[in-house]
Amino acid sequence: MMFAALTARLWYLQVLATQTYVQIANNSTFHVLKVEPERGRILDANDDPLVDNRESWVVTVQQQLLGDDPEGVLFRLAQHLDVPEADIVARIEDKQYYDYQRVPVAVDVSLDDIFYIAEHSKQFPGVSWDEQSVRRYPEGELAAHVLGQVGLISGAQVRDPAFAGYGTSDTVGKTGLEATYERFLHGTPGTNKIVVNPAGELLDELGGQLPVPGYDVKLYLDAKLQAKVERDLLTGLERARSIPDDDTTNAVTNFVANAGAIVVMDPETGGVEASASWPTYDPSVFVKGMSNKEFNQRFKDPSAGDPLFDRATQGAYAPGSTFKPFMALAALDNGVTSPGSYTDCPSSWAYRLDPDHPFDNWSRYDQGLLSIPDALKYSCDTIFYQWGGEFYDRWKANQLGAGSEPLQRDLKGFGFGHEPGIDLPSQAGGFIPTAAWKEEQHQEDPKAFPYGWLPGDDILMSIGQGYVLTSPMQIASAYAAIVNGGRLCAPRLADQIQTSDGKRVQKIGGQGCRRLPYSQQELDVVQQGLEQVVQSDGGTAYSAFASFPFDQVPVMGKTGTAERPGFTTVAGQTQGQDTSWFAAIAGPPGDQHVIVAMVEQGGHGSTTAAPMVRSVIEDMFKLGDTGVAGTVATD
Amino acid sequence: MDLVAGRVWSEERRPIRHLDPVLLVTPILLSVVGLFLVYSSTHRSLTTLGEDPGQFVKKQFTALVLGFVMLVVVAAFDYRFYKVYAGFIYAAAVVALVLVQTPLGASPSGAQRWFTFGGFQLTPSEFAKIALALMLGAVLSELRTSEPTLTDVLRVTMIAVVPMGLVFIQPDIGTTIVLVAILVGVLVVAGTLPRHLATLALASVVLIFGAFQLGIIKDYQLERLRAFADSTADSQGANYNRTQAEIAIGSGGLVGQGFLNGRLTNLDFVPEQHTDFIFTVAGEEFGFVGAALLLALFAILMWRAIRISFLSKDAFGTYVAAGIAAMFAIQMFVNVGMVIGIMPITGIPLPFVSYGGSSMLANFVAVGLLLNIHMRRFT
């Protein structure tokens, strides 16, 4: 009976159904291999590559073929490649690979090492190698923060419908532009039909579909300008560290100036012409990959200063007085003040219902009645306090009605308090406090927030303090709106997607601009003030731009010196030094650029950030050295 | 001096005169076919690796010669002698099965099945099968009743359960099934009442259910069972072996593609082809004719084993022969059955044909016992 059953089945398989199986057998000796496409490049505004590709050798191990002494083989391999054996074992045992698959165990191996393995193949059964295209950074560390990295696709991404068609061993953009423009950069894999045995022996190659390389992403960013801006940022930080901190409550003598950022933007399109953040890093270290420990040492150790963090886009700071133009516009827009009006600028001002808690101006002198441009020129805090108090009254009178917070509405209109929509995967939205938010904090944690919405909240917001947080990138696009006729454009790094020979596939930049509710007259009043800040004696940045040739390159700007309350001593260093800001609009009409500099623990805007912006402007307009910035410490 | 048909009586009684030549030749034929099939399935990969393409065949041939020596040794002593020592043999097998669970046993892919002695692997479960057949034969042949009582049935079952349990937790479901077959085979021949067998079957169902509940059965084994139940499941995963095996055999056709010409065999598409899936090489390269002839050799082997069980002079011989017949039958049936897709994949080697030294030695020892019982059926 047993034999009858077996024989019957054999008869079926081998005589009756044999044709089907012969056919399957003929097909299944073919393997369809995926041929990876060449990843697209990232180009600067002049089509010079910031990221391209180079060939690299990868050593692979096929577990099934390691032979009688797998430990010996892996030990020799680890010795020869000078990598920990444990790393190789960990990669081989990775669950994503089958036993018969070739597992990459070391990337970016030198050709000498490959030759050695090839010549000593007896010692390395199961070990082979592949050529693989990896990212190359012709400009080194330049613009590392915006470019981002590629890496192995994650498990979550494989399951994500957005990554349909990707395999488990695919390389994808992980951060920065590499991630944002993944679907353009990646390309379409091709196929190659081959006859092969699992030993990796190629028996026949039958061709297939060629892969389609990824598109190039062309940026607004100009590599030459970016390099100068990065140099100016570093020089400025070093200079700031030589400036004594005049605030004697701080424990250190000089400014720490541990980090900073500079953004250069085209106000017409929102195109980012340069974006620098310090400290920075070399993106090529990720090509080879590194252990967790090495990663933590290099990037997560406190002494490293968090170099992966992009201060320009991901950092959110109190903007201080650089916020004042938007406060002034909100006050004009809502009838809190009017273009031709004058406001008193005392050295101290208190909200009328709370006379015991006066708010001081940064200057100790009463400056009398000031026009709106003068209020900006002298950066008079007390005038803005008054407007803040007025906005508080508006809210108080109409708490439950719709539109009870016109100040917050206007500020959010400038792009503050929400992500600016730059083409980077990770960006700070900053914060604009509202009465509802404060009330909620108060309910949840009455200790930290003993009160609900107070006059002081509006008053401090009016000078960019209190709970207000913005990123340098947000400040840049808001300043762009002041000179581009009142349009808020989302910041854009990418200009367009193009083929490798430069044909446009899709326009990216210059879209998504929104008109703001300000008249040209209102914008002009503010521009006038910003011009006086820099060009008029007594302006807070007048000293910083001493002897600057304004006839060649007109400059407007606004200083900011933002307190960082609540920061305590960390490792012997006072972390509470002021954030130094300067936002400028430079250039003749038609060729204007917004330049924003921010230095953490940099002290005054006029002495740290403004000179940095001056250097950038000199570089941009090829002015050479236009003289030394003065050292008058103002707001 | 007594003369029988003109010859000295003692001369006439010499066991070698009653040798079963068919039983001697059949396993050797199977083994030689096995050598060719092992060569066919391994030479190409070995060449690719820059190794001696005959490496596996040489090892297998060594095992064949050793196995033949074992056969001669086992056949030389009167088999009743083994009955006396059955208890010791059984105990030794159980100890070996326990030791293989300790760090002494190598652990490839999570299973602890063998000891390694300088390049050779010794799998105690292979020898446990024969030890069990001897032990069951020894115990049952000492019964005074015409058929075993329920107590007897339970007693011998307990004897069998010890190695079964130890093999099962290795985990090696295939060999466990073989041990069960040996027990059932011996019990049936010993005249166990059908209702007692039914009781036993019921108890084992309950026990196996319990084993699943306690999670003793490993995930990959469940995967394989599931793959059998649902043959359309993931063909790269659990079902891959079975699909490739079926394609290889099916594409063999009536007369096969010829020795060393099997396409899937050459491309190493069938995993574990030189061991558990060796039958696919026969199917692909020698077709239905070759595969059927191979089955015929097994039929002869079983016919001789069953015949010896009937011819045996005493109950011990009958039972041992029955146990061995059951062992060969179940191994052949489960192995070929899984390869051609009518049984689940359990990992049982095809006797004499599959690559593997321990299996080869144990099978020749079993044949040695059968020859022994046959030779001494008059003495």
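Labels below follow one simple rule: chain letters A, B, ... track the order of the sequence lines, proteins then strands, and each chain is numbered from 1.
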For atom CZ of Arg54(A), is the number of surrounding heavy atoms from other residues, nucleotides or ligands below 6.0 Å larger than 12? yes
One option among Gly287(B), Ala296(B), Ala292(B) has the most heavy-atom pairs under 4.5 Å with chain A, and it is Gly287(B)
Quick one, Leu10(A) and Phe279(B) - any side-chain contact, counting heavy atoms below 4.5 Å? yes
Are there more than 12 heavy atoms of other residues, nucleotides or ligands under 6.0 Å from atom OH of Tyr116(A)? yes
Can you list, pair by pair, the side-chain donor-acceptor contacts under 3.5 Å of residues 327-340 of chain B, counting residues two or more places apart and other chains?
{"unit_1": "Gln331(B)", "atom_1": "OE1", "unit_2": "Lys129(B)", "atom_2": "NZ", "d": "2.2"}
{"unit_1": "Asn335(B)", "atom_1": "ND2", "unit_2": "Asp276(B)", "atom_2": "O", "d": "3.0"}
{"unit_1": "Asn335(B)", "atom_1": "ND2", "unit_2": "Ile348(B)", "atom_2": "O", "d": "2.5"}

Should we say atom CZ of Phe75(A) is surrounded by more than 12 heavy atoms from elsewhere, each under 6.0 Å from it? no
Once you round to the nearest 0.5 Å, how far does CD1 of Ile247(B) lie from CG of Leu13(A)? 11.0 Å
